Enquirer: 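Pasting a structure here, questions to come.
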Amino acid sequence: MLEVENLVKQYGELTAVEDVSFAAGAGTVFGLLGPNGAGKSTTIHCISGLLKPTAGRVAVAGFDVVAEPRQARQALGVVPQELALYEDLPAIENLRYWGKAYGLNGAGLDDRVREVLTHIGLGDRAKDLPKTFSGGMKRRLNFGCGIVHKPRLILLDEPTVGVDPQSRERLFDMVLQERDQGACVIYTTHYMEEAEKLCDSLGIIDHGKLIAQGTVDELRAELGARDVLQLSGRFPDAETAQAVASLIDDGLDDLEVLAAEDDSMTLALSAGSQHLPRIFAAISEAGGAVTETSLKSASLETLFLTLTGKELRQ
Amino acid sequence: MRFALSTLVKDLARWRQDKSAILMWIGVPLLVGGLVTSLVDGDGGGQPSGLLLIADQDASFISGLVVGTYSQGELGEMITVEKVSPADGRARIDAGEASGFLLIPEGFGEALLDSKPITLELKTNPSQTILPGIIAEVTEVLLDAGFYANRMFGEEIALIEESASADVAPDSAIVAAIAVSFNERVQSAAPLLFPPAIDLTIAEPPPETPGVSVALLFMPGIILMAVMFAASSLAEDYWAEREAGTLRRLVFAPSRLPAFVAGKALAATALITALAVIVLFIGFAYHGVSWGRLPLSIAWIALSGLALYAWFGVMHLFLPSRRSASLVSSMVTFPLLMVGGSFFPLAALPDWIASIGRLTPNGFMADRLTTEVTSASAVTAVTGSATSIDALSWLVLAVMAGAGLLLNLWRLNAGFARA
């Protein structure tokens, strides 16, 4: 349903997206995971046709978004990150208007609008103005406007930003329902738990590059079920990191120093809690001191840390 | 086309929510037109009225004549006379409760008949400007009239005064004698009065053909002012759509921008036409303009509104922020209103300014509308020339509107909608 091949987007000297390739099929949710500024939205904008790629190819339902934009857009539904509603137009009229923008009319439009209103849980508020809605209700209507024409590919750009937990759960249900009805959903987020919960496959993007992709299980396997140990304190010279790394020769075979600074150090290793005393001792002998410790069990979040050396929400 | 109609319906529904804006658009021309009409066509705001307090200590026939004079004819419509005691009169004029206080002293009638000097006391209210002056003038004229009447009919007046003082009906012989005496004196003065020594001929100005109400000359400019305000607000809706994110959502839809621009233009035209219908209907009814001229006037304003909307749209779409767009829009609007005949009719402006004004978009529109709502001959009589709404005028407006809308579309495609 969606093919992205060697996508590049440059703004002058700045490369926002660099050689990104991935594909997603019908009836799946593909998550695009990365911190703020990683290049997720730029990728989404290239797919939606809002931005013209500098190089590479994007095809939606087999149609090139640059060469055949009309056909590609007809197959595409976009739920933008910011609300895009007419606050002074009743909810039902918002849906009708966006349905008409995609060529729906007559009884087909009326039926679909009723269906979407039920789907997003606003059937009893259909004639109310969105300016009287809560934030979560507006988000749901925003979602409804993006899917009213039954798109085969749905782009959701961080749809849960600023949404209360109840509305977030409702939004998840709506996304999964669309997927079950055969749509392909591209979902960008920087919330790891959302990605784990919703996505059948994932792409991890950082600094404009796709640094890992696969199903959640495949990515976990890639991590090798290692824990991530984050240490704060005083690690004065390179000798401290070398002293910790030397433990690899001392039986901690899968230990890896992911990042080392004067005041912090991030390590990946199996069964981390069992080896804490040896690690602390090595640091102490090298002249360092640990003041705070955080041990994270193997997860997508630790995978992200392993791959990028930083927290997802940084 | 179908999506253009959807956009038209959508925008009309949205504007219906903004009742205050619509009321402002309709209210501005009605308010300004009403003020102008009351200034140039009104009756000057009505007649002054005041209170004159009179203390008549003489209570004679002659002093009664003086008091009665203030209540006669047009003077009586302005001045209400109230008889008071001297003390009450002084107190009330000091308190500012009247326009003037006149004290007629005892012996006034006899002194007048005997041609002896006597003093009347007139005190006026300094906080008032017009009526005290009138009262003072009238009093002086009355005294002068009394002096000359005494010179001509002194004996007869004395006889009447005597009869009035006796409080009995005068003898028939005395009445006859007075009548004969009056007649003789008038007869002797007749050679001096008839025919008059000065022959006054009043030259009537030729009737103004055809008559044009000055307020009617203001009407087109005022309507164009309202249309410009409305067009500017309607064009600013591009910014509202962009800030709401709906413009960007529209970019995701397949090739809808041309229909979107057309739909918004149709909605703007519909609203401006509704405004034109209301204001023109009231203007036509008030000024008695032939109803046959109404359809063409409405159509002219509708197309003018579309053209102005399109160019205000260009202004809004090409400027970098909503604030700068609003500012520039205002900076352009007010000089155009000034020169284009909205504050003063083009006919009332100096020739060189009027020539420039007719080249401005609103001046071009107002000039032709003026000809339509009055008549070509009426405008020619006032301005020396008249420009009618001819085929070329329609073409100019159509080209102006079309070019503006194409620029709107180009700018939306070029990035405004994507930002």
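None of the values given here were measured: they were computed from a predicted structure. Naming convention: chains lettered A, B, ... in sequence-line order (proteins, then strands); numbering from 1 in each chain.
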Enquirer: Among B/Lys10, B/Arg322, B/Arg242, B/Arg14, find the residue that satisfies the salt bridge (charged side-chain N to carboxylate O under 4.0 Å, His left out) test when tested with B/Asp237.
Expert: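 Result for salt bridge (charged side-chain N to carboxylate O under 4.0 Å, His left out) with B/Asp237: B/Arg14.
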Enquirer: With only heavy atoms counted, which part of B/Arg2 is less than 4.5 Å from chain A, the side chain, the backbone, both or neither?
Expert: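 Just its side chain gets close to chain A.
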Enquirer: Identify whether NZ of Lys or CZ of Arg in B/Arg368 sits under 6.0 Å from the centre of the six-membered ring of B/Trp300 and within 45° of that ring's axis.
Expert: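 That pair does not qualify as a cation-pi contact.
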Enquirer: Quick one: what part of A/Leu50 sits under 4.5 Å from any heavy atom of chain B, side chain, backbone, both or neither?
Expert: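 Backbone plus side chain of A/Leu50, per the 4.5 Å heavy-atom cut-off to chain B.
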Enquirer: Between B/Phe3 and A/Tyr97, does the ring centroid distance fall short of 6.0 Å?
Expert: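 Ring centroids of B/Phe3 and A/Tyr97 are less than 6.0 Å from each other.
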Enquirer: Is A/His45 in contact with chain B via its backbone, its side chain, both, or neither, using a 4.5 Å heavy-atom distance?
Expert: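 Answer is side chain: those atoms of A/His45 sit under 4.5 Å from chain B.
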Enquirer: Got a sec, which residues hit ring pair (Phe, Tyr, Trp, His ring centres under 6.0 Å) with B/Trp311, two or more places apart in sequence or on another chain?
Expert: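 Checked B/Trp311 against ring pair (Phe, Tyr, Trp, His ring centres under 6.0 Å); zero matches.
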Enquirer: Only pairs of heavy atoms separated by less than 4.5 Å count here; which of A/Asn105, A/Leu76, A/Val79 has the most with chain B?
Expert: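 Of the candidates given, the most pairs with chain B belong to A/Asn105.
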Enquirer: Is chain B contacted by the side chain of A/Pro69, its backbone, both, or neither, given a heavy-atom distance below 4.5 Å?
Expert: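 Looking at A/Pro69, nothing touches chain B.
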Enquirer: For A/Asn142, is it the side chain, the backbone, both, or neither that has a heavy atom closer than 4.5 Å to a heavy atom of chain B?
Expert: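 Answer is both: backbone and side chain atoms of A/Asn142 are under 4.5 Å from chain B.
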Enquirer: By a 4.5 Å heavy-atom criterion (distance strictly below it), what part of B/Glu241 contacts chain A: side chain, backbone, both, or neither?
Expert: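 Looking at B/Glu241, just its side chain touches chain A.
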Enquirer: Less than 6.0 angstrom separating the ring centers of B/Phe281 and B/Trp291, yes or no?
Expert: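 Yes, ring centres under 6.0 Å apart.
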Enquirer: Contact part of A/Leu155 toward chain B, heavy-atom cut-off under 4.5 Å: side chain, backbone, both or neither?
Expert: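 Neither part, no heavy atoms under 4.5 Å.
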Enquirer: Can you tell which part of A/Glu93 gets under 4.5 Å to a heavy atom of chain B, answering side chain, backbone, both or neither?
Expert: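 Neither part, no heavy atoms under 4.5 Å.
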Enquirer: Working to the nearest 0.5 angstrom, can you tell me the gap between A/Arg139 CZ and A/Leu83 CG?
Expert: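 It is 4.5 Å, given to the nearest 0.5 Å.
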Enquirer: Apply the ring pair (Phe, Tyr, Trp, His ring centres under 6.0 Å) test between B/Phe416 and each candidate in B/Trp410, B/Trp239, B/Phe318, B/Phe260; give the one that qualifies.
Expert: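 Passing option: B/Trp239.
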